[in-house]
There are 2 protein chains.
Amino acid sequence: MGKSEETRSLIVATAMRLFTENGYDRTTMRSIAAEAGVSVGNAYYYFSSKEQLIQGFYDEIAWVHQTAARERMAGETGFAERLEHVLLCWVDTAEPYHRFGTQFFVNAADPESPLSPFSADSAPARDATIALWREVVENSDLKVDPELREELPELLWLFQMGVVLFWVHDRSQQTKRTRMLVRRTVPLIARLAGLSRLRVLRPITRELLSLIHDLAKKDS
Amino acid sequence: MGKSEETRSLIVATAMRLFTENGYDRTTMRSIAAEAGVSVGNAYYYFSSKEQLIQGFYDEIAWVHQTAARERMAGETGFAERLEHVLLCWVDTAEPYHRFGTQFFVNAADPESPLSPFSADSAPARDATIALWREVVENSDLKVDPELREELPELLWLFQMGVVLFWVHDRSQQTKRTRMLVRRTVPLIARLAGLSRLRVLRPITRELLSLIHDLAKKDS
DNA sequence: GTCTATAGCAAGATAGAC
DNA sequence: GTCTATCTTGCTATAGAC
């Protein structure tokens, strides 16, 4: 690891520590620089803004979650069970950062921000997560409309974003409410996915898939 | 209108203009004050922060939307039609502010912020909007499980928040994509609501209602 | 209670020297 | 790559006019 890399990661690590200790807003660039033993200008040499420091945090949490989730659902074939494992695993992984994590995800809500989960910059992280969801579906015993099956990983990623949004607003102890949300919506989703082939629901399923397809088009 | 009211609305109007022209971030309190011909101190006398200026914007847009929406769905009894009217009416009302509106809704995403649609400060505006949704349901010909009917206004408000979230990220011309989303999800929602009494879906409906009920509890 | 003027702080960000 | 000095801007404080 060159000097450059070293300074960079020193700054990130210091920032993460101060963020967890004092919160995002109350942690100043000055204090990060001072604590890391570098100048403010140097910190800005590596990170073009305070927000940019957050990307490092995202990548790490995503990485930890994916490894833990794969381990946790290994051997399990029930779709609902796999779904629940992955989501609860995320809640567990993110738990220590909940206090200041909210600040982070607020910044991520800005569509212009490279930190947005929908942004081009987030594409690698997003794709990696969707790949995880594809594994959830493919190695499960789920019986579902083949076309829906194809779209399911992306839809589950979207649902995960919804869970994150709920989690951000969750003020209960140990984010119990988010856990409840997960535990009780997961069976509903699994049930609905299974029912999607039913005669009465078939047209709704098709129209939903067609809509998603049309919305995904880059033009229009 | 007294002098106080006049100054207040002058400041809001100026701020709105500058926000639309230059964006939220690039508009400084100094420039707002200068352009409105008041001192910075005076601006802060009326609005405790730059964010606070946004609340005025919210209130105005909500007011305009509600009046226009009531007019637009008057006489219409079809549930899906009424739903579509109200949502498309919102998209129309918000259209001129889309460019900088995103900046606003980002601030609103902060759960700690009084600007959050879930905050206590937003309760009056939220209740007014939910009341509008209650009218949508009640004066329609919708046949639906009575318990679901009771919760429907709040659920529709939540759906509206989802539409807003989509709208914020919508970069298409005249927010065509959001309009498409509305036009095509509305029939699905109406259909699903109607089907909620079906034997296969009944348990799902009940469980969903029970979950919402439990999540709404303040404790836990 | 409404408003001006001005000085100043804190903190994010930048310029330019080395 | 790194630093010091400086700028910008949200926000506060004060003192006083009407």
Side-chain angles (χ1 to χ4, degrees), chain A residues 1-57 100 103-104 106-110 112-115 121, chain B residues 1-57 100 103-104 106-110 112-115 121:
Chain A
M1 184 154 79
K3 186 80 193 298
S4 185
E5 271 299 309
E6 218 167 282
T7 311
R8 189 190 181 83
S9 64
L10 172 65
I11 294 170
V12 179
T14 310
M16 288 307 123
R17 183 166 60 78
L18 293 180
F19 285 157
T20 29
E21 279 172 19
N22 313 316
Y24 178 75
D25 277 336
R26 277 184 317 236
T27 304
T28 68
M29 287 299 276
R30 281 169 175 78
S31 70
I32 294 170
E35 196 81 4
V38 301
S39 69
V40 181
N42 199 11
Y44 275 99
Y45 173 78
Y46 285 102
F47 301 92
S48 59
S49 73
K50 192 178 171 185
E51 266 194 357
Q52 272 298 111
L53 280 166
I54 300 174
Q55 196 80 58
F57 163 79
F100 75 115
Q103 259 300 340
F104 286 11
V106 166
N107 296 355
D110 183 356
E112 309 292 344
S113 166
L115 293 175
D121 295 70
Chain B
M1 184 153 82
K3 187 77 195 298
S4 183
E5 273 298 309
E6 219 167 282
T7 309
R8 190 190 179 81
S9 64
L10 172 66
I11 294 170
V12 179
T14 309
M16 288 308 123
R17 184 166 60 78
L18 293 180
F19 285 158
T20 29
E21 280 172 19
N22 313 316
Y24 178 77
D25 277 335
R26 276 183 317 236
T27 304
T28 68
M29 286 301 275
R30 284 169 174 83
S31 70
I32 294 170
E35 196 81 6
V38 301
S39 67
V40 179
N42 198 13
Y44 275 101
Y45 174 78
Y46 285 103
F47 301 94
S48 59
S49 72
K50 190 178 170 185
E51 266 196 355
Q52 271 300 110
L53 279 166
I54 300 174
Q55 195 82 57
F57 164 78
F100 73 116
Q103 259 297 340
F104 286 11
V106 166
N107 296 355
D110 181 357
E112 310 292 344
S113 165
L115 293 176
D121 294 72

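Every chain is numbered from 1 and lettered A, B, ... according to where its sequence line falls, protein lines coming before strand lines.
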Roughly, in whole Å, what's the span from [atom1] in [X] to [atom2] in [N]?
X     : N      : atom1 : atom2 : result
B/K50 : D/dT12 : NZ    : P     : 14 Å
B/D25 : D/dT8  : CG    : P     : 17 Å
B/Y45 : D/dT14 : OH    : C1'   : 16 Å
B/R26 : D/dC7  : CZ    : P     : 23 Å
B/F47 : D/dG10 : CZ    : C1'   : 16 Å

Sub-4.5 Å side-chain heavy-atom contact between B/Q52 and B/Y44:
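Of all side-chain heavy-atom pairs linking B/Y44 with B/Q52, none is under 4.5 Å.
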Heavy atoms under 4.0 Å, any strand shown: does [X] hit a base, just sugar-phosphate, or nothing?
X     : result
B/V40 : nothing
A/S39 : base
B/G37 : sugar-phosphate
B/Y44 : base

Find the distance between OG (A/S49) and CD (A/Q55) and round it off to the nearest 0.5 Å.
10.5 Å
After noting the C-alpha distance and the side-chain angles of B/T7 and B/Y45, does the key distance pass the side-chain contact (heavy atoms from CB on, under 4.5 Å) rule?
CA-CA 11 Å; B/T7 309; B/Y45 174 78; over 6 Å; no
Residue closer to the 5' end of DNA chain C, A/T27 versus B/N42 (nearest nucleotide)
B/N42
Run the numbers on A/T27 and A/I32 for side-chain contact (heavy atoms from CB on, under 4.5 Å), then give the verdict.
CA-CA 7 Å; A/T27 304; A/I32 294 170; 3.7 Å; yes
In sequence, state the C-alpha distance, the side-chain angles, and the governing distance for A/M29 and A/F47, and then conclude on side-chain contact (heavy atoms from CB on, under 4.5 Å).
CA-CA 11 Å; A/M29 287 299 276; A/F47 301 92; 5.5 Å; no
Reading DNA chain C from 5' to 3', where do the contacts with chain B start and stop? Cut-off is 4.0 Å to heavy atoms.
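That gives a stretch of C/dG1 to C/dG8.
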Please name all residues satisfying salt bridge (charged side-chain N to carboxylate O under 4.0 Å, His left out) with A/E35, sequence neighbours left out, ordered by chain then number.
A/R17
